[in-house]
Every structure is written in C-alpha cells, then in structure tokens.
Number of protein chains: 2
Amino acid sequence: MPEQAGGAAASTAGASRREELLRIAADLFATKGFRNTTVRDIADAAGILSGSLYHHFDSKESMVDELMRTFQAELFAAYDDILASPDDARSKLERAVRLSFETIERRGAEVAIFQNEAATLGQLERFGYLAERNRQSRDVWVSLLTEGVETGALRADLDITLTYRFIRDTVWVAVRWYRPGGPHTTTAVADQYLTILLDGIAKDHDHA
Amino acid sequence: MPEQAGGAAASTAGASRREELLRIAADLFATKGFRNTTVRDIADAAGILSGSLYHHFDSKESMVDELMRTFQAELFAAYDDILASPDDARSKLERAVRLSFETIERRGAEVAIFQNEAATLGQLERFGYLAERNRQSRDVWVSLLTEGVETGALRADLDITLTYRFIRDTVWVAVRWYRPGGPHTTTAVADQYLTILLDGIAKDHDHA
DNA sequence: CACTCAACCAAGCAAGTGCTTGGTAGGGTA
DNA sequence: TACCCTACCAAGCACTTGCTTGGTTGAGTG
C-alpha cells in the first residue's frame, strides 16, 4: 500500500529517512520559497501524509533552521581554513571566490534558501544567527581585501565596502543561474570571474 | 471620520488614490515578498479595510501586474535610448550600467519585486511577458559586449554569456543593499563598479 | 433638490495552511 | 510470547488568506 512515492524519494540510499526528508524540503524551499512551500508539498514529494512529517520534525520552521545551521557551520569552517592559510592576500581572495562557486554546486539549495529567505527569517529571534553569520562573512571579505591593499596586491583607490558588496553579490547570486552538469564547470565560472574581477574587461592598450 | 491613515498614506499629494495604493502595495511586495504580503497588510498600511481594495483593483495579482508592466515599459524605453545613440560601445556599456543603479534609486520597489518574484510569477501565463523582457534585456547586454569586443574596446578572451551574467547580477542585486539617501550616491556606486569592471581590482604593476 | 459616483465599511465564505491527536503496521528484541 | 520502537495514516481543528456582497457616506453636479 505504501507504494506512492511522489518523486525524488529513492535517491539517497544510505541516508536516514530524516535526512532524506530534509533534502526534499531543502529543494522545495529553494525553488518555491520557504513560505510558499507547504508541509503538504513536502509530504507529497516524499510520498507520505503531511502529519507524518511531525514524527521527524517539530515544525516546518525547524527544518529550515537545521538546514541553515549545518550549512553555515560547514561554510565557515571552510572560511577559517582559508584565513588560517599562509598564502598571500591575492591567493586567499581567489580561494574565497572559488569556495563560493563550489558551494553553490555542492549546496545549491542551502545557498538559495539563505539568499532568498535570510532577510525574512532573520526577523525571528530564532534565526538571529543568520545576521551574525552575515557580519562574520563580511569581515572575512573585508579583511582579505584590506590585506590585499596593504600588501600592494590590490589597487589602493578601492572603496573596500563597495568592492566587498560587488564581489559578494556576484559570487552568491550565481546560484540563480548556475546549474550543476550544465555548460560550465564551477572552475570555469570562477576562472572567468576572477579574470574580470582582477584585471577588468577593458582591453589594456598599454600592454598591446 | 476617515482620519485613520495607517502609515505611508499622505505622501504623494497629487496622485490619485489608486496610484497611492499601488505605491503602498509596491513597497510591501518589495520588502515582504508578493505571496508573503496579504491584502490586509496593504489595506492596513493604507488605513482602509481589505475589501475596499477591490473597488480599485481586480485582484492582488493585477496589482503586481500593473506595477511590472509600467516598470518594464519605462526601463526598456531607456534601453532603447542607449542602443539608438551614436556613442561607441564602451560609452553605451557605461550608460547601461549607470541606468541600472539609477533605476534602483528611482524604482527600487519595482526592481526588488522583479528580482525576487519574476521566477515565481513567470510560471503564470499572465506574467509570460516577464520572461520575454528577460530575453530582451539579455540581448541588450550581449550586443553591447559583442560590439565592444569587435571594436577592440574590450578584451577578446571574454566569455560573453558569463560576463553578461556577472554584470547583470551585480548591477541589479544591488537593490538589496542600496538605500537612497544613504552613504553612497548612485553615481559613486556606478563609478566604483565601472572602475572595477573595466580595469579590475588588481594593482597593475606594468604601469607603476 | 434629486441624483450620481468614487471611496469606503461590515460581514462573511471557501479554500488553504501549520499542526495535533489517537491509532496502526511491521520489524527487531528479551 | 510479550514488548518496544520507528515510521506512518486518518481525521480534523484553529487560523489565515483572497475575494465577494450589499450597503453607507459625503462631495459634487444638473
């Protein structure tokens, strides 16, 4: 009788049922939005009834909560790795950029959810850590850029704050159009962006 | 008796009540999202009851529809101006970038709504023109970039499609953080972005 | 003065929403 | 055999949501 199986159920074999449901929810949150996704949507996609979700999770809210917490923990561990490395500023900046595009590939749903829902969810006390993570992230980029300017690797006339925002916007909003398995690899995308970011799109006449 | 006036009512004096309500709705759609904004939210902000909105509009959906149609018409008229100008490719590209940031200042709510809801709304037949406008916009940027490469103003090794996406993402997503009356003018923001986009953030050692 | 009309109110309906409650099936374990 | 535990079902409650309907008000207009 339980041979319904809506759609994306039998994918992750070894994972627990709970993780399986979380992934289904993540994909729906990412594509339809959190508020716009009903518990019945999630249940349908999993092939169960909506009430059965509450055997695994306290609430719909705690599903995003768990998704965001684990995602942020993973991401900032990677940031820490970069910051702790002995590389020069330019190399670390490059690594940070590449990390973003790779994260979009590996954790696309989580990135999309964070991009689209952080402002709304952040108003709830429970999700206060999202704003805190935002500050942390800004500090990472600003310190890398500042170090780059101070060591002479980057131009001295940059507005660090604006530059940070431009970079952050571009590397994360790419989640809207980047598709794993599509025409571009994350490496190709990162290469092209780093080329533009570092040297610009204008033809350098003085070199020709 | 009608001295309720929730909040942002008595702003546009000469405007008709209808336009006033549209603006209130636009601000709410932009900050809370379309689906996440209820007709009661809009009515409260206008100081009336939710049912009274239906004296002015057919539905909540037709409110966004009207907002998006007039916005797109205005924006693409400006694009056409740029395309029709006799300037060289680099100047036209600069104008297109500046136009985006200025549009964020003048029509911030509409830009935010389009950025956040186009994917969701676009699935409805009624909003099919949003996808069409997206294609038009891409064509504008791609043709400007292509002309730039062909005339030698831009580097020949650019991936036009990726470059287009990077530029589009950065100039439009700025609506998330740019605040009119804040620390930066649109001109300052556009100047800084054009500097980075054209010449990059790396220090050019060959010039020193 | 009779009439019109834009703008609104008061009340409520039908559909959808998150979540609860009490129960069941079936595999493992003492 | 008796027990337990995970994963689920069936039904429904309380609330929110977009929208409808019939009526009211007050500023005009012939």
Side-chain angles (χ1 to χ4, degrees), chain A residues 1-7 9-26 28-29 32-67 117 120-121 124 126-127, chain B residues 1-26 28-29 32-67 117 120-121 123-124 126-127:
Chain A
M1 208 170 298
E3 43 110 356
Q4 304 141 287
S11 54
T12 43
S16 72
R17 184 60 167 150
R18 182 189 166 83
E19 289 174 79
E20 212 172 330
L21 294 173
L22 252 191
R23 187 104 312 271
I24 291 171
L28 286 170
F29 292 159
K32 305 185 52 174
F34 175 69
R35 180 82 181 252
N36 207 354
T37 300
T38 72
V39 292
R40 286 171 179 79
D41 288 337
I42 303 169
D44 282 353
I48 59 178
L49 290 185
S50 65
S52 306
L53 284 175
Y54 292 82
H55 170 72
H56 301 276
F57 303 97
D58 279 350
S59 64
K60 180 179 140 182
E61 211 178 83
S62 67
M63 292 191 213
V64 235
D65 190 28
E66 187 167 334
L67 283 168
E117 319 289 346
T120 320
L121 293 177
L124 305 173
R126 174 176 196 172
F127 293 95
Chain B
M1 208 169 298
E3 41 109 358
Q4 307 141 285
S11 54
T12 45
S16 72
R17 184 61 167 150
R18 182 189 166 85
E19 289 172 79
E20 212 172 331
L21 295 173
L22 253 191
R23 187 104 312 272
I24 290 171
L28 286 170
F29 292 160
K32 305 184 52 175
F34 175 70
R35 180 81 182 252
N36 206 355
T37 299
T38 71
V39 293
R40 286 170 179 81
D41 288 337
I42 303 170
D44 284 353
I48 59 177
L49 289 185
S50 66
S52 305
L53 284 174
Y54 291 82
H55 171 70
H56 302 274
F57 304 96
D58 279 351
S59 64
K60 180 178 140 184
E61 210 177 85
S62 67
M63 294 190 211
V64 236
D65 190 29
E66 188 166 334
L67 283 167
E117 319 288 346
T120 320
L121 291 177
Q123 294 174 344
L124 305 172
R126 174 177 196 170
F127 293 94

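Per chain, numbering begins at 1; letters A, B, ... match sequence-line order.
Partners of A:F34 by ring-ring contact (aromatic ring centres under 6.0 Å, His included), not counting sequence neighbours, listed by chain and number: A:F29. In this view, B:T38 and B:D41 satisfy the side chain to side chain donor-acceptor pair (under 3.5 Å) rule, not counting sequence neighbours. Under the side chain to side chain donor-acceptor pair (under 3.5 Å) criterion, A:E117 pairs with no residue, sequence neighbours left out. Judged as a ring-ring contact (aromatic ring centres under 6.0 Å, His included), and not counting sequence neighbours, A:F57 has no contacts. B:S52 meets the side-chain contact (heavy atoms from CB on, under 4.5 Å) test with B:I48, B:L49; sequence neighbours excluded. In this view, B:S59 satisfies the side chain to side chain donor-acceptor pair (under 3.5 Å) rule with no residue, not counting sequence neighbours. For B:A26, the side-chain contact (heavy atoms from CB on, under 4.5 Å) criterion is met by B:R23, B:L67, B:A109, B:I113, not counting sequence neighbours. In this structure B:R40 satisfies the side chain to side chain donor-acceptor pair (under 3.5 Å) test with no other residue, sequence neighbours excluded.
To the nearest 0.5 Å, atoms CG (A:L21) and NE2 (A:H56) are separated by 5.0 Å. Put simply, CZ on B:R18 and CD on B:E66 are 4.0 Å apart, with the number rounded to the nearest 0.5 Å.
The list of salt bridge (Lys or Arg N to Asp or Glu O under 4.0 Å) pairs with a residue in residues 50-62 of chain B, not counting sequence neighbours, reads B:E61-B:R126.
One interatomic measurement links the two molecules: CD1 of B:I24 to P of C:dC8, which rounds to 10 Å at whole-angstrom precision. The interatomic distance linking A:L49 (CG) with D:dA10 (P) rounds to 6 Å, in whole Å. Between A:D41 atom CG and C:dA15 atom P there is a gap of 18 Å when expressed in whole angstrom units. Going from atom CG of A:D44 over to atom P of C:dG16 covers 13 Å, rounded to whole Å.
A close approach under 4.0 Å does not occur between any side-chain nitrogen or oxygen of A:R18 and OP1 or OP2 of D:dA7. Between A:S52 and the phosphate of D:dA7, there is no side-chain N or O to OP1/OP2 separation shorter than 4.0 Å.
Contacts between residues 33-40 of chain B and DNA chain D, defined by a heavy-atom separation below 4.0 Å, involve B:T37, B:T38, B:V39, B:R40, listed by number. Of the residues in residues 53-64 of chain A, those lying under 4.0 Å from DNA chain D by heavy-atom distance are A:H55, A:H56.
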Identify all pairs in which a protein N or O lies below 3.5 Å from an N or O of nucleotides 24-29 of chain C, and state each distance.
none

